[in-house]
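Step one of this worksheet: look at the structure below.
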Amino acid sequence: MSYLQLHGIEKQFGALHVIQGIDLEIQRGEFVVFVGPSGCGKSTLLRLIAGLEQTDAGSVMLDGRDITEAPSSQRDLAMVFQSYALYPHMSVFENMSFALKLAKVPQDQIRAKVERAAQILNLTQFLQRTPKELSGGQRQRVAIGRAIVRAPKVFLFDEPLSNLDAALRGQTRIEIAKLHRDLGATTVYVTHDREEALSMADRMAVMKEGRLLQVGSPKDLYQHPKSLEVAAFIGEANCLLGQVLGKTGDPSIYAVETPYGRLLARKTQERWQPRDGQEVHLMLRPEAIRAAMPSPESNGFPGTLVETLYLGASVQYRVLLKDGVMIQWMVQHPRGDLKREGESLWLEVDSRDLLMLEE
């Protein structure tokens, strides 16, 4: 049985339907990330789990208990906010222990819990400081420590790294992932940052306009997206249009007619059976493209290089195809001379890396 279950969750604010029939099951100890563009409903869904908003329909189950109508204080959850939400006049120790004091936990247990959390988060030397004496990363660790001392059944994180600079985001991301592993905690995490989601999640739930588009492991979503929307949000994606010509000897590989000639592409969904003549999208990751010599056996197409962006560890090229479509091509760890703008190219792709999507 799943540890945290969402069944038919609905939420409206006036005429705005922000959460639309969400069903999701999360296992004990899992790290699940809600990801999607601003306004997709991911933070609202987290607040519905936390009890900070009330559902209009559906149920929330935690460890076999229906908590749909339970107040947030009785759900055995702990939430870490984007804004830290620390009391400025209290010390780090007082901030981390505040909820335990309200619950009338004995003082010796409070001290033991706070000191253990501070040790885990490298905050021991800051326990007597106030928030204004801490860096942004340290403040966020205090907010996390306040959640740890409560030993909740589920940790909820709402965009916890948004207020940090790039270096601190990377460091704190590693710390949160390590903390999850060390505690074996069940974690639900909200972010709009796909790199953050890909690097931290056991499973990702991609959202748009209050709906779940796809749920799966980072690798599964990157390599087997159900739609172009999921593909484009999880990573850089080039989109080509074509019509299905038919199957090949491999049941997952189809021949597709495009403005650039016949290409072989892999369907991403096992149950989908494309029809001959059906219009489809072909999705191609920039890093899957390579330059080659044209040949009748090549699975590729011609283009003209129009822009070069050298990034040290990689080079990003923009290539114009003959029908006016512009695509991105990435060369990782470039060696030798860079391609010249205006140069004619033949770009090749493995049929397994050219993904055929129904929408």
Side-chain angles (χ1 to χ4, degrees), residues 1-87 95 98-104 140 143-144 146-163 180 185-192 197 201 203-215:
M1 183 178 179
S2 300
Y3 194 56
L4 177 62
Q5 299 170 295
L6 311 180
H7 296 300
I9 300 296
E10 302 270 350
K11 183 64 180 179
Q12 288 185 241
F13 293 114
L16 186 61
H17 204 170
V18 293
I19 299 294
Q20 305 184 46
I22 296 289
D23 292 300
L24 183 64
E25 297 190 353
I26 296 172
Q27 304 301 320
R28 185 191 295 269
E30 201 173 18
F31 196 120
V32 173
V33 177
F34 296 161
V35 65
S38 296
C40 70
K42 55 189 183 293
S43 289
T44 299
L45 184 57
L46 195 74
R47 291 174 66 84
L48 290 170
I49 296 171
L52 301 177
E53 302 281 356
Q54 289 300 305
T55 60
D56 293 327
S59 63
V60 181
M61 304 287 294
L62 177 59
D63 197 16
R65 181 169 71 99
D66 189 338
I67 61 171
T68 312
E69 302 298 329
S72 58
S73 61
Q74 296 177 20
R75 294 196 176 200
D76 208 358
L77 308 168
M79 191 160 178
V80 178
F81 296 91
Q82 175 182 345
S83 61
Y84 316 141
L86 301 177
Y87 295 106
N95 266 285
F98 188 68
L100 300 180
K101 289 180 179 178
L102 290 181
K104 302 189 184 304
Q140 192 56 275
I144 295 170
R146 184 175 53 193
I148 291 174
V149 298
R150 294 174 56 189
K153 289 187 173 180
V154 179
F155 288 95
L156 306 176
F157 289 86
D158 187 11
E159 300 267 14
L161 309 184
S162 295
N163 290 335
H180 169 77
T186 305
T187 303
V188 183
Y189 190 103
V190 163
T191 183
H192 65 277
R203 283 193 303 152
M204 297 167 59
V206 182
M207 296 183 64
K208 182 183 180 183
E209 297 176 352
R211 293 187 174 92
L212 285 179
L213 297 181
Q214 190 173 350
V215 180

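Residue indices begin at 1 and follow the sequence shown.
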| Using 30° and 60° as the class limits, which term best fits the ring planes of F31 and Y189: parallel, tilted or perpendicular? | tilted
Under a 3.5 Å distance rule, please check whether [X] uses its side chain to pair with a backbone N or O of [Y] as donor and acceptor.
{"X": "R203", "Y": "V215", "value": "no"}
{"X": "D76", "Y": "P152", "value": "no"}
{"X": "R28", "Y": "T186", "value": "no"}
{"X": "K42", "Y": "G36", "value": "yes"}
{"X": "Q12", "Y": "D56", "value": "no"}
{"X": "D158", "Y": "S43", "value": "no"}

Where [X] and [Y] come nearest, the two heavy atoms and their spacing:
{"X": "I22", "Y": "G210", "result": "CD1-O, 3.6 Å"}
{"X": "L212", "Y": "A205", "result": "CD2-CB, 3.7 Å"}
{"X": "M204", "Y": "A201", "result": "CG-CB, 3.6 Å"}
{"X": "L156", "Y": "A50", "result": "CD1-CB, 3.5 Å"}
{"X": "R150", "Y": "A99", "result": "CD-CB, 4.0 Å"}
{"X": "N95", "Y": "Y87", "result": "OD1-N, 2.8 Å"}

Side chain to side chain, [X] and [Y], heavy atoms closer than 4.5 Å:
{"X": "E69", "Y": "Q54", "value": "yes"}
{"X": "Q27", "Y": "V32", "value": "no"}
{"X": "T55", "Y": "T68", "value": "yes"}
{"X": "L77", "Y": "L62", "value": "yes"}
{"X": "R47", "Y": "M79", "value": "yes"}

Between atom [atom1] of [X] and atom [atom2] of [Y], what is the distance when rounded to the nearest 0.5 Å?
{"X": "I19", "Y": "R211", "atom1": "CD1", "atom2": "CZ", "value": "11.0 Å"}
{"X": "E159", "Y": "S38", "atom1": "CD", "atom2": "OG", "value": "7.5 Å"}
{"X": "Q5", "Y": "I67", "atom1": "CD", "atom2": "CD1", "value": "10.5 Å"}
{"X": "F81", "Y": "L46", "atom1": "CZ", "atom2": "CG", "value": "8.5 Å"}
{"X": "F34", "Y": "L45", "atom1": "CZ", "atom2": "CG", "value": "4.5 Å"}
{"X": "E30", "Y": "H180", "atom1": "CD", "atom2": "NE2", "value": "8.0 Å"}

| message | Applying side-chain hydrogen bond (donor to acceptor under 3.5 Å, both in side chains), can you list everything that pairs with T44, at least two apart in sequence or on another chain? | response | none
| message | Please list all pairs meeting ring pair (Phe, Tyr, Trp, His ring centres under 6.0 Å) that have one or both residues in residues 37-71, counting only residues at least two apart or in different chains. | response | none
| field | F13 CZ: over 12 foreign heavy atoms closer than 6.0 Å | value | yes
| task | For side-chain contact (heavy atoms from CB on, under 4.5 Å), just list the numbers for L4 and V60, CA-CA rounded to whole Å, side-chain angles, deciding distance to a tenth of an Å, and then say yes or no. | result | CA-CA 7 Å; L4 177 62; V60 181; 4.1 Å; yes
| field | side-chain contact (heavy atoms from CB on, under 4.5 Å) between L6 and I49, worked out | value | CA-CA 8 Å; L6 311 180; I49 296 171; 3.9 Å; yes
| said: For a side-chain contact (heavy atoms from CB on, under 4.5 Å) check, start with the C-alpha distance between H17 and E10, then their side-chain angles and the critical distance, and finish with the verdict. | reply: CA-CA 8 Å; H17 204 170; E10 302 270 350; 2.5 Å; yes
| task | Report the C-alpha separation of I144 and F157 in whole Å, then their side-chain angles, then the decisive distance to 0.1 Å, and conclude whether the side-chain contact (heavy atoms from CB on, under 4.5 Å) test is met. | result | CA-CA 9 Å; I144 295 170; F157 289 86; 3.8 Å; yes
